[in-house]
J.: 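Can you read through this structure? Questions will come right after.
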Amino acid sequence: MIRTVQASDIGRVRTVNEDSVWIGATRHGYTLGIIADGMGGHLAGDTASRLALETVRGILDQLEPDLPEAELKEALTAAIMEANNTVHSEAQSDEKLHNMGTTIVAALLKGAAGYIGHIGDSRAYLIQNGEARQLTEDHTLVNELFRNGQISLEELDNHPRRNVLTRALGTDTVVSADLAYVTLAIGELLLLCSDGLSNYVSQEHLGKVAGINEISLEERAERLLQLALLAGGSDNISVAMLEHQGEAAVPETKEWER
């Protein structure tokens with residue numbers, strides 16, 4: 001029913017891929033997708049994203065089957081909070097990892113419905129009929145300025161401080177995650193990505209490419225990566241897609257840990 005794919009690229013400038021990505025099925029059949037985009041430098045960003053992903057995946061892999069939706073929301077929230085504890089504790093215990101943190105966007109589905117949880121500026125989009133609708137709201141300084149009417153939409157996309165986060169996982173002892181309910185109709189697709197994709201590929205092009213039903217999910221993911229690379233590719237680029245195809249499909253599982 002839910003077909004999944006993931007792809008990640010180091011980009012044209014970075015020497016390390018600080019994104020961590022995993023998508024697939026949990027032990028009892030829930031569909032789980034996670035993207036974490038680390039920050040804090042060469043070793044720290046890599047470590048933060050990997051720890052966050054491993055913590056969330058490990059906790060949610062233990063979920064009992066057939067949980068009600070309300071419990072899925074609670075489980076996803078709890079897993080992200082535990083990931084925050086893990087990353088923050090590790091940062092405090094090792095001077096080389098001080099101030100490390102990561103964004104996270106995670107989708108947990110039971111069948112074709114479930115929840116998205118996120119912290120930071122990694123995003124989730126719903127792709128419907130070749131159009132993308134952003135489901136998450138960036139936790140960034142420029143987004144706060146835009147919401148307060150201090151900058152325009154055009155300034156938001158080109159502001160020199162657009163990558164300054166107002167909320168990240170692991171940088172503080174307490175953090176809150178935004179949770180959103182999502183349901184997929186047949187033919188609809190959930191796209192998760194790091195800002196290495198969303199900063200270089202417009203929402204319009206995300207929708208058009210991810211919505212090309214005539215080609216495989218793998219080809220669509222690769223085309224998105226190539227668009228980001230052609231646009232500059234100065235950041236790590238990661239994408240994960242979950243498509244409701246209306247028939248049984250075995251989710252692929254492949255992990256990128258950089």
Side-chain angles (χ1 to χ4, degrees), residues 6-23 32-61 76-106 117-123 136 138-144 160-178 192-200 225 228-229 232-240 253-258:
Q6 67 185 67
S8 188
D9 194 284
I10 195 171
R12 298 191 182 279
V13 175
R14 302 292 179 89
T15 58
V16 174
N17 192 340
E18 296 180 277
D19 290 355
S20 292
V21 188
W22 189 88
I23 193 165
L32 175 64
I34 309 167
I35 289 181
D37 179 358
M39 60 188 190
H42 182 96
L43 173 64
D46 173 30
T47 302
S49 67
R50 176 180 55 80
L51 287 173
L53 185 148
E54 289 176 351
T55 303
V56 172
R57 180 186 171 190
I59 291 172
L60 296 180
D61 195 49
L76 181 56
T77 302
I80 294 173
M81 293 305 100
E82 184 58 32
N84 185 74
N85 294 338
T86 299
V87 174
H88 187 265
S89 296
E90 191 73 14
Q92 299 305 304
S93 67
D94 188 335
E95 186 175 333
K96 297 191 298 293
L97 303 177
H98 189 58
N99 288 330
M100 74 174 177
T102 182
T103 71
I104 191 166
V105 60
H118 95 286
I119 297 172
D121 61 356
S122 291
R123 293 180 178 179
T136 54
D138 295 346
H139 300 138
T140 60
L141 174 62
V142 294
N143 193 46
E144 291 289 335
R161 302 189 69 192
R162 66 179 182 176
N163 292 324
V164 177
L165 298 178
T166 56
R167 201 188 308 179
L169 187 150
T171 56
D172 296 291
T173 54
V174 178
V175 69
S176 61
D178 289 352
L192 311 179
C193 67
S194 62
D195 67 339
L197 181 66
S198 58
N199 279 345
Y200 292 93
L225 292 188
L229 289 169
S234 63
D235 199 354
N236 307 143
I237 312 156
S238 296
V239 61
T253 58
K254 183 177 181 183
E255 187 167 354
W256 297 77
E257 293 181 358
R258 306 287 188 179

J.: If the threshold is 4.0 Å, N to carboxylate O, is there a salt bridge linking Arg123 and Asp195?
T.: no
J.: His139 vs Asp178, test: side chain to side chain contact (heavy atoms under 4.5 Å, CB included). Steps then yes/no.
T.: CA-CA 10 Å; His139 300 138; Asp178 289 352; 2.7 Å; yes
J.: Using a 4.5 Å cut-off on heavy atoms from C-beta on, say whether the side chain of Val21 contacts that of Ile23.
T.: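 The answer is no, as the side chains (C-beta and beyond) never meet within the 4.5 Å cut-off.
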J.: I need the minimum non-hydrogen distance between Leu53 and Trp22, along with the two atoms involved.
T.: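 Looking at all heavy atoms of both residues, the closest pair is CD1-N, 3.6 Å.
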J.: Are any of the side-chain heavy atoms of Ile237 and Leu229 separated by less than 4.5 Å?
T.: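 SC-SC contact between Ile237 and Leu229 confirmed.
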J.: Ignoring hydrogens and geometry beyond distance, is a side-chain donor-acceptor pair present between Ser194 and Asn236 at under 3.5 Å?
T.: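 No - no donor-acceptor pair under 3.5 Å links their side chains.
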J.: What residues form a side-chain contact (heavy atoms from CB on, under 4.5 Å) with Ala168, not counting sequence neighbours?
T.: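 Checked Ala168 against side-chain contact (heavy atoms from CB on, under 4.5 Å); matches are Met39, Leu165, Thr171.
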J.: Please name the pair of heavy atoms, one in Ser49 and one in Gly38, separated by the smallest distance, quoted to 0.1 Å.
T.: CB-N, 3.7 Å
J.: Can you measure from CG (Asp138) to CD (Glu144) and round to the nearest 0.5 angstrom?
T.: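 Going from CG on Asp138 over to CD on Glu144, the span is 10.5 Å.
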J.: Are the side chains of Glu54 and Thr86 in touch, meaning some heavy atoms are under 4.5 Å apart?
T.: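 They are not in contact (no side-chain heavy atoms under 4.5 Å apart), so the answer is no.
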J.: Can you see which heavy atom on Met100 is nearest to which on Val87, and at what distance?
T.: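 Minimum heavy-atom separation between Met100 and Val87: CE-O, 3.5 Å.
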J.: Under 3.5 Å, side chain of Ser122 to main-chain N/O of Ile104, donor-acceptor pair present?
T.: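 Not at all, since once roles are kept as given, no pair shorter than 3.5 Å links the two residues.
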J.: Got Val175 and Asp172 here, is their nearest side-chain heavy-atom distance under 4.5 Å?
T.: no
J.: Are Leu192 and His118 close enough that some pair of their side-chain heavy atoms sits under 4.5 Å apart?
T.: no
J.: To check you understand the geometry: which heavy-atom pair defines the closest contact between Gly101 and Ala48, and what is its length?
T.: O-CB, 3.3 Å
J.: I need the His88 NE2 to Ser93 OG distance, nearest 0.5 Å.
T.: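 Separation between the atoms: 10.5 Å.
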J.: Work out which heavy atom in Ile35 is nearest to a heavy atom in Ala240; give both atom names and the distance.
T.: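 So the minimum-distance heavy-atom pair works out to CD1-N, 3.8 Å.
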J.: With sequence neighbours excluded, what pairs up with Asn85 under the side-chain contact (heavy atoms from CB on, under 4.5 Å) test?
T.: Glu82
J.: Atom CG in Asp121, atom OG in Ser198: separation rounded to 0.5 Å?
T.: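 Answer rounded to 0.5 Å: 6.5 Å.
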J.: Between CG of Leu197 and CG of Asp235, what distance do you get to the nearest 0.5 Å?
T.: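 The CG atom of Asp235 is 10.5 Å from CG of Leu197, to the nearest 0.5 Å.
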J.: Give me the atom names and distance for the closest heavy-atom approach of Ala44 to Lys96.
T.: CB-O, 4.3 Å
J.: List for me each residue that meets side-chain contact (heavy atoms from CB on, under 4.5 Å) alongside Ala79, sequence neighbours excluded, and say none if there are none.
T.: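 Checked Ala79 against side-chain contact (heavy atoms from CB on, under 4.5 Å); matches are Val56, Ile59, Leu60.
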J.: Among Thr103, Asp37, Ile80, exactly one meets side-chain contact (heavy atoms from CB on, under 4.5 Å) together with Leu169. Which residue is that?
T.: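 With Leu169 as partner, side-chain contact (heavy atoms from CB on, under 4.5 Å) holds for just one option, Ile80.
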